[in-house]
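Order of appearance sets the numbers: ligands from 1, and atoms from 1 within every ligand.
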Amino acid sequence: MSPTVLDGKQLALECEAQLAVRVATLKDRSSGKAPILATILVGDDPASATYVRMKGNACRRIGMESMAVELPASTTTTELLATIDRLNANADVHGILLQHPVPAHIDERACFDEIALAKDVDGVTCLGFGRMSMGEEAYGCATPMGIMRLLRHYEILLEGQHAVVVGRSPILGKPMALMLLQANATVTICHSRTRELDKLVRQADIVVGAVGRPEFIKADWIKDSAIVVDAGYHPGGVGDIELGGLGDRISAYTPVPGGVGPMTINTLIMQTVESAEKTLI
Ligand code: NAP
């Protein structure tokens, strides 16, 4: 049987239609006020600029607004903290996105943690991460939360399954592992010092590629009937997992592109709408 395509593009489209209705309702009930996502871009990295533009476009598609804050690469940590403070204090702003990565001289962790919990719609603060890990209310980190939403939509069994997450970054691997644990999967987290990675991946019922290296996880490491989630996206349209060689052996997979990426953006705007619903109604 052909594997199920975990179609993030299609699911994001369907969710956008529902979000547009929620935004219209919010506007009706608040004399026309729309949810606003503030996006902060520091420096002139073209890929980051593209991601921020895509996020702004997604806001507009559902009738929301975005407030684009663009800062030069020379911005200091103190200046960026002050910008975030101003957005925290601005009652019209419902969510704040600080585009990762910021230039190396900036203390990114301090800046992420400056974002007020109520506006942390990208799920990047330590406080939000800690609360999510403890099963308390918090906005999920957008990429892993988008993956969880995709897995749930396709009714992928997580409880009792062995999930192997390759990567442990603060915005992807680590929160992914904790979310899968919250969903009662048994989780192995792998990273650059992991020994015999291929043997660990071979044990996975669910494998998540979050390494940042093209086709680093080989097709023949993946066991039959596995669920394959690929967060990577590289030039040439390949991800972190060698999807091409898998054929019909696996149960389901996220395509690259059109799997994880659209769900990341959709989760960001969904959580901004949720934040606005808490304050505007
Ligand atoms: P990152 O911060 O560079 O983290 C990469 C992780 O991979 C690290 O934990 C690193 O381990 C691990 N790693 C590196 N080499 C390894 C090796 N040889 N064996 C095992 N693990 C290894 O990257 P990221 O931000 O998490 O992103 C990961 C991927 O997801 C990238 O392809 C990125 O483009 C993609 N991504 C996609 C979205 C989306 O919306 N679609 C969003 C974010 C990221 P150490 O911790 O030991 O260094």
Pick, from His191, Arg195, Arg213, the option with the minimum heavy-atom distance to atom 15 (N) of ligand 1.
-> Arg213
Counting heavy atoms only, which of Val256, Val238, Val211, Leu200 comes nearest to atom 22 (C) of ligand 1?
-> Val211
Answer with yes or no whether the side chains of Thr39 and Ser66 bring together a donor and an acceptor at under 3.5 Å.
-> no
Among side-chain atoms of Thr254 and Asp230, is any donor-acceptor pair under 3.5 angstrom?
-> no
Has [X] got a side-chain atom pairing as donor or acceptor with [Y]'s backbone, closer than 3.5 angstrom?
{"X": "Thr194", "Y": "Leu197", "value": "no"}
{"X": "Lys119", "Y": "Leu87", "value": "yes"}
{"X": "Ser251", "Y": "Ser225", "value": "yes"}

Atom indices of ligand 1, in the order listed, that fall short of 4.0 Å to a heavy atom of [X]:
{"X": "Asp240", "answer": "29 (C), 32 (O)"}
{"X": "Gly212", "answer": "28 (C), 29 (C), 31 (C), 32 (O)"}
{"X": "His234", "answer": "32 (O)"}
{"X": "Gly261", "answer": "41 (N)"}

State the CD1-CG distance between Ile36 and Asp92, to the nearest 0.5 angstrom.
-> 5.0 Å
Under a heavy-atom criterion of less than 4.0 Å, does [X] contact ligand 1?
{"X": "Tyr51", "answer": "no"}
{"X": "Thr143", "answer": "yes"}
{"X": "Ala210", "answer": "yes"}
{"X": "Met263", "answer": "no"}

Could you find the nearest protein heavy atom to [atom] and give me its residue, atom name and distance?
{"atom": "atom 30 (O) of ligand 1", "result": "Leu172 CD2, 3.2 Å"}
{"atom": "atom 12 (C) of ligand 1", "result": "Gly167 CA, 4.0 Å"}
{"atom": "atom 18 (N) of ligand 1", "result": "Phe216 CZ, 3.2 Å"}
{"atom": "atom 8 (C) of ligand 1", "result": "Arg168 N, 4.0 Å"}
{"atom": "atom 2 (O) of ligand 1", "result": "Ser169 CB, 3.3 Å"}
{"atom": "atom 36 (N) of ligand 1", "result": "Ala231 O, 3.5 Å"}

Search all heavy atoms of Thr75 against all heavy atoms of His105 and return the closest pair with its distance.
-> O-NE2, 2.7 Å
Scanning both residues in full, the closest heavy-atom pair of Pro35 with Leu280 reads N-CD1, 4.3 Å
Is Thr264 close to ligand 1, meaning an N/O of one under 3.5 Å from an N/O of the other?
-> yes
Would you say Ser192 and ligand 1 have an N/O pair spaced under 3.5 Å apart?
-> yes
Give a yes or no on whether Ile40 and Val93 share a hydrophobic cluster (residues Ile, Leu, Val, Met, Phe, Trp, Tyr; joining criterion: side-chain heavy atoms under 4.5 Å apart).
-> yes
Which is it for Glu65 and Arg60 under the side-chain contact (heavy atoms from CB on, under 4.5 Å) test, yes or no, and what are the steps along the way?
-> CA-CA 6 Å; Glu65 289 172 24; Arg60 279 180 285 287; over 6 Å; no
For Ile265 and Met54, what are the C-alpha separation, side-chain angles and deciding distance, and is it a side-chain contact (heavy atoms from CB on, under 4.5 Å)?
-> CA-CA 8 Å; Ile265 295 181; Met54 286 165 73; 3.8 Å; yes
Any Lys/Arg nitrogen of Arg131 or Glu137 sitting under 4.0 Å from an Asp/Glu carboxylate oxygen of the other?
-> no
Region of Thr194 that comes within reach of ligand 1 [heavy atoms, distance under 4.0 Å] | neither
